[in-house]
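Okay, structure first, notes after.
Worth knowing before you read on, the calculation uses all heavy atoms, side chains too, and leaves out hydrogens, waters and symmetry mates.
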Amino acid sequence: MSFAIQSSRSLLRSALFPRIAYTFAAPFATRTRTLSAVGVGLGLIGDILSEMILRAVPKQRTSHSKKRKRMAGKGLKNRQDLVPCTGCGRPKMIAHICMNCYHDIKKKLKGMKRAEERLKQEQ
């Protein structure tokens, strides 16, 4: 495979991990490292890595005003699910009990329970 046809992944792999060749010239096998065409210098690896790193970094810091302009559309919106309570007229959410009416009912129920307890104690 020629140098020009190799993909960048294979170039990077061959540069980072040089091949190990076995030579059988003597009765004992010896290991020798063979460098591929790319692994001779680290210039190509540095170029590939520097391009990847430089592409991920913005050229300038985003200013405060530009950030705020981008976030301007995310502001608070008017509630569409509020209706007036039929009992007291205060605003409440649809399909929820009005908190004002709830507290009134709770007080009345507590008063009724206390009255029942008093009657039981008197008997």
Distance in Å, M99 CE paired with I97 CD1, rounded so as to fall on 0.5 Å steps: 8.5 Å

Distance (rounded to the nearest 0.5 Å) between N100 CG and I105 CD1: 10.0 Å

Interatomic spacing from CD in Q121 to CD in Q123 - rounded to 0.5 Å: 11.0 Å

Identify every side-chain donor-acceptor pair in residues 67-96 under 3.5 Å, counting partners at least two apart or on other chains, and give the distances.
| from | atom 1 | to | atom 2 | distance (Å) |
| --- | --- | --- | --- | --- |
| R79 | NE | D81 | OD1 | 3.1 |
| R79 | NH2 | D81 | OD1 | 3.2 |
| R79 | NH2 | D81 | OD2 | 3.0 |
| K92 | NZ | H96 | O | 3.1 |
| H96 | ND1 | I94 | O | 2.9 |

